[in-house]
Every structure is written in structure tokens, then in C-alpha cells.
Amino acid sequence: MNINGATLDALYLGVKTVFNNAFTATQTEWQEIAMEVPSSAAFENYKWLGNIPQMRLWVGKKNIQKLDKYDYVIKNQSYEATIEIARDDIEDNQIAGLNIQASSVGESAKKHPDQLVYQAVNGGFTNKCFDGQPFFSANHKVGKTTFGNKGTKKLSSATAAAADASIGAAIRALEEITDENGESLGVKPVILLVPPALRATATRLMNNEKLGDDSENPYRNTAKVVVSGRIKDPNHWFLLDTSKPVKPFIYQKRKAAQLVRSTGSDSSNVFMEGVYYYGVEARGNSGYGFWQLAFGSDGTEA
């Protein structure tokens with residue numbers, strides 16, 4: 001195959017088609033637990049998370065919520081995946097592997113937000129959110145009241161007592177959270193997020209009429225079970241309210257994944273190394289929304 005501008009353009013068009021087809025066909029999971037926040041700068045400041053006003057009786061002057069109490073910044077990061085193909089392979093028409101690589105990169109690019117969001121999920125016991133506490137913490141301050149959204153109990157359906165100490169305690173912790181005026185936030189968990197190791201336990205808790213000790217199951221149908229292999233610890237489990245405008249987790253998108261190339265015949269990489277490059281680039285990051293909408297247990301206590 002003779003290499004010229006037309007040849008390289010045709011090759012890129014083929015790579016782009018394969019990439020786009022794989023990208024379109026790939027299913028993602030982050031949307032179930034996170035919200036997308038568009039970004040137009042190097043970072044975004046989410047200090048407004050600490051100042052969402054509730055309706056109140058209007059007597060006298062309005063109670064204006066200020067935005068200077070918290071400072072929570074998520075910086076955008078750059079990400080890439082690059083494919084290399086030798087000039088000799090193009091000349092010899094040995095390019096079947098290029099399409100396979102392009103398909104794999106398309107799938108990886110589509111799933112990249114999953115990777116980012118679940119980095120936030122897995123880091124939730126140590127990474128800080130807008131109030132300066134770890135996202136899952138026993139010490140979140142709201143006014144003069146301290147609330148906790150972190151547990152240590154293993155998820156269990158074995159007995160009424162074990163279920164109440166795990167899933168029951170998590171539900172109560174979220175539903176009892178109030179604002180600074182003591183008004184309920186109306187949190188209603190709708191997703192039970194678990195790793196594959198806890199699939200059976202979570203399914204029994206949400207679907208079975210009876211618990212393991214033959215007692216009535218009061219938690220049946222209270223939440224949807226979502227299983228993700230991206231949860232790294234097999235003991236970690238999470239209860240989430242994703243029904244609100246603000247979600248527990250944030251996918252911050254600065255630049256969507258896009259295919260790029262460095263394939264000019266006079267490119268330095270061609271002259272020095274005899275290779276052409278195709279790649280995908282993206283910018284963004286992940287972080288935390290309202291801690292009030294999530295409960296996480298590290299499952300360290302039986």
C-alpha cells in the first residue's frame with residue numbers, strides 16, 4: 001500500500017468509524033449514582049453545596065444564604081489512551097489489529113466516567129467532601145447537630161437483629177438528617193449499591209418476604225439493588241438517595257472523549273521512529289455532592 005495523504009485520511013476514517021461504533025454500543029453505569037456537571041474552566045468550586053436553602057415563613061427580611069462558608073474545588077485532569085501502528089505495517093496492509101485496538105479504545109473511552117465515579121465511591125471513607133469531613137463520616141456538622149453517614153456493620157439478611165443493625169440503621173441515619181433549622185431533608189434511599197460478593201445478601205434483603213431466621217422482612221422493596229464490580233472492597237456497601245436534583249457523586253466533564261491523530265507523513269514520530277499515532281483524549285474528574293444522600297459501611301464489624 002502506498003502511503004500518502006489520501007491513504008492516511010482513509011485509514012483515519014476507518015479507525016474513527018470503528019471507534020465511534022464501539023463507543024456508541026458500550027453501556028455505562030455511572031448515571032445511576034452520579035450527576036454530570038459541565039465544566040468550562042480548569043476547576044469548579046462547589047461551595048454552594050453547603051448552602052441549599054429550604055422554604056421558610058417569610059417574616060421581615062429574607063434569610064439570604066451566603067456562599068462563603070465552604071470551599072470545595074474539583075480540579076479537571078487530562079486523560080489519554082494512544083494506539084501506535086508502524087509505517088511498515090501500513091505499507092504491508094497489516095492493519096487488522098488497528099481496528100481491534102480502536103474498538104477497545106472506544107469502549108474504554110465510554111467507560112472512563114464509570115472509572116472516575118467509582119474512584120470517588122471507593123475513596124469515600126477517606127476523601128473529603130464540601131464540609132471538610134470524609135464523605136462517609138460519623139462527624140458531619142449541620143448547625144449545632146452532628147450527623148453520621150458511615151457504618152461498620154456487615155450487610156446481613158441472616159436475622160432480624162442483623163438486618164436492623166445493617167440496612168435498618170443505614171435507612172434511619174439518612175431519614176433522620178435535618179437542615180440547620182431542624183427541618184427534615186426528606187431523604188429516601190432508593191439504591192442499595194454493593195460489590196458482587198454481596199449480591200445475594202442484597203437481593204435477599206430487597207426481594208424476600210422472610211429473613212434468614214424466618215422473621216418478616218421489613219426492608220423488602222425499599223431500594224433497587226445495583227451491583228458493580230468496580231467496588232474494590234468486597235465488604236463495602238452503600239445506600240443512596242438518587243432522586244434529588246443533586247446526586248451523591250459528581251462526574252465533572254470538561255472535555256468529552258474525542259479521537260485525535262498524529263499521522264502526517266512529515267511528522268517527527270514518522271521520521272524518527274517510523275510510527276503513526278491514534279489516540280483518545282478527555283478532561284474531567286469526579287467528586288462528591290451531598291453527603292446527606294449517601295450512607296456507606298466498610299463492613300468491618302459482624
Side-chain angles (χ1 to χ4, degrees), residues 33-37 43-75 117 120-153 164-193 219 222-223 236-252 285-301:
I33 64 171
M35 62 179 179
E36 180 180 317
V37 177
F43 64 88
E44 298 295 330
N45 196 326
Y46 293 84
K47 58 186 178 181
W48 52 267
L49 285 169
N51 296 277
I52 300 297
Q54 300 286 324
M55 292 297 292
R56 61 185 287 273
L57 182 64
W58 185 357
V59 178
K61 291 184 178 180
K62 291 183 177 179
N63 183 28
I64 300 173
Q65 300 291 311
K66 298 184 182 298
L67 292 177
D68 57 359
K69 186 174 181 180
Y70 300 102
D71 190 32
Y72 177 50
V73 171
I74 299 178
K75 296 180 180 179
V117 168
V121 174
N122 289 313
F125 295 102
T126 55
N127 296 341
K128 294 180 180 180
C129 62
F130 70 86
D131 67 353
Q133 291 294 317
F135 185 68
F136 297 115
S137 169
N139 299 297
H140 289 294
K141 280 278 191 180
V142 179
K144 297 180 179 180
T145 306
T146 299
F147 294 100
N149 69 334
K150 176 188 175 183
T152 58
K153 291 291 186 180
D164 185 65
S166 58
I167 191 71
I171 293 173
R172 290 192 297 274
L174 292 180
E175 291 182 344
E176 291 172 358
I177 294 174
T178 66
D179 65 11
E180 292 186 357
N181 299 314
E183 293 293 331
S184 172
L185 294 181
V187 178
K188 294 292 182 183
V190 295
I191 286 181
L192 176 56
L193 177 64
Y219 308 110
T222 55
H236 288 182
W237 57 273
F238 311 92
L239 196 63
L240 312 174
D241 183 353
T242 59
S243 65
K244 304 290 191 293
V246 177
K247 301 294 190 292
F249 302 100
I250 292 170
Y251 164 52
Q252 181 172 291
N285 210 334
S286 63
Y288 304 102
F290 282 148
W291 59 262
Q292 294 95 327
L293 302 178
F295 181 97
S297 176
D298 59 19
T300 57
E301 183 182 354

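Since the structure is predicted, the reported quantities are computational estimates derived from the model, not experimental observations. Residues: numbered from 1 along the sequence shown.
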Any sub-3.5 Å donor-acceptor pair from Asn45's side-chain atoms to Lys47's backbone N or O?
-> yes
Please list, chain by chain and in numerical order, all residues satisfying side-chain hydrogen bond (donor to acceptor under 3.5 Å, both in side chains) with Thr145, sequence neighbours excluded.
-> none
Salt bridge (Lys or Arg N to Asp or Glu O under 4.0 Å) involving Asp298 - partner list, sequence neighbours excluded = none
Check side-chain hydrogen bond (donor to acceptor under 3.5 Å, both in side chains) between Ser137 and all other residues, then give those that pass, not counting sequence neighbours.
-> Gln133
Can you list the residues that meet the salt bridge (Lys or Arg N to Asp or Glu O under 4.0 Å) rule with Lys150, with sequence neighbours excluded?
-> none
Hey, can you tell me if Tyr46 and Trp48 have their rings parallel, tilted or perpendicular (30° and 60° cut-offs)?
-> tilted
Backbone of Gln292 reached by a side-chain donor or acceptor of Asn149 within 3.5 Å = no
Is a side-chain donor or acceptor of Ser297 paired with a backbone partner of Lys153 at a separation under 3.5 angstrom?
-> yes
Under 30°, 30 to 60°, or over 60°: which ring-plane class applies to Phe290 and Phe130, parallel, tilted or perpendicular?
-> perpendicular
Which residues satisfy the salt bridge (Lys or Arg N to Asp or Glu O under 4.0 Å) test with Glu176, sequence neighbours excluded?
-> none
Within the side chain of Asp164, is there an N or O that forms a donor-acceptor pair under 3.5 Å with the backbone of Gly168?
-> no
Taking only residues two or more places apart in sequence or in another chain, which ones pass salt bridge (Lys or Arg N to Asp or Glu O under 4.0 Å) with Lys188?
-> Glu175
